[in-house]
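Heavy atoms only: backbone and side chains are in, while hydrogens, waters and symmetry mates are out. Whatever order the structure lists ligands and atoms in, that order sets their numbers, starting from 1.
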Amino acid sequence: MRIALASDHAGFKLKEALKGFLVSKDYKVLDEGTYSEESVDYPDFAKKVAQDIKSKKADFGILVCGTGIGMSIAANRIRGIRAALCLFPEMAKLARTHNDANVLVLPGRLISSELAQWIVEVFLSEKFEGGRHERRIKKLEEMD
Ligand code: RB5
């Protein structure tokens with residue numbers, strides 16, 4: 001499974017920790033930056049990961065900023081992207097099983113890297129349930 005990963009400066013440390021974690025679990029990681037704690041603008045990085053998913057260079061995306069809010073707003077502006085800001089593993093499970101989320105968003109300034117890793121593991125192991133949720137996803141697509 002190929003994962004596109006990006007952050008802004010506020011998410012940089014967590015992004016680096018997650019990169020090591022994902023590589024250790026044998027995921028293929030496409031690191032789209034940022035590459036330091038120098039101030040950058042989160043929409044630029046949300047766009048890169050969204051494009052990787054749309055072009056099928058990656059199966060899923062992970063975005064990290066300070067709160068996760070800016071990255072969520074930015075990624076969800078792009079057609080076909082369903083980005084979910086998850087603070088707990090249960091949210092990650094439901095984001096995949098019910099919302100068919102293709103991007104996980106995490107708040108680098110609000111959670112530990114241990115909790116973030118747990119959330120990532122759950123997000124990447126759960127599957128979309130389809131059924132009634134399929135109809136709702138179609139309605140989302142019609143809103144694009
Ligand atoms: C950067 O300071 C911060 O505003 C950003 O990482 C994010 O939290 C925005 O939503």
Extract all N/O-N/O pairs under 3.5 Å that connect ligand 1 to the protein, and present each with both atom names and the distance rounded to 0.1 Å.
unit_1   : atom_1 : unit_2 : atom_2 : d
ligand 1 : 2 (O)  : R109   : NH1    : 3.4
ligand 1 : 6 (O)  : D8     : OD2    : 2.6
ligand 1 : 6 (O)  : G66    : N      : 2.8
ligand 1 : 8 (O)  : G66    : N      : 3.2
ligand 1 : 8 (O)  : T67    : N      : 2.9
ligand 1 : 8 (O)  : T67    : OG1    : 3.2
ligand 1 : 10 (O) : T67    : OG1    : 3.3
ligand 1 : 10 (O) : G70    : N      : 2.8

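Y35 belongs to no multi-residue hydrophobic cluster, having no ILVMFWY side-chain contact under 4.5 Å with any other such residue.
With salt bridges taken as basic N to acidic carboxylate O contacts below 4.0 Å, one links K19 and E16. A salt bridge is absent between K48 and D52; no separation between the charged side-chain nitrogens and carboxylate oxygens falls under 4.0 Å. Remark: K13 engages E37 in a salt bridge, criterion side-chain N to carboxylate O under 4.0 Å.
By the criterion of side-chain heavy atoms lying less than 4.5 angstrom apart, applied directly or through intervening Ile, Leu, Val, Met, Phe, Trp or Tyr residues, L85 is not grouped with L110; the two fall into different hydrophobic clusters.
In this structure, the side chain of R96 does not engage the main chain of V122 through any donor-acceptor pair within 3.5 Å.
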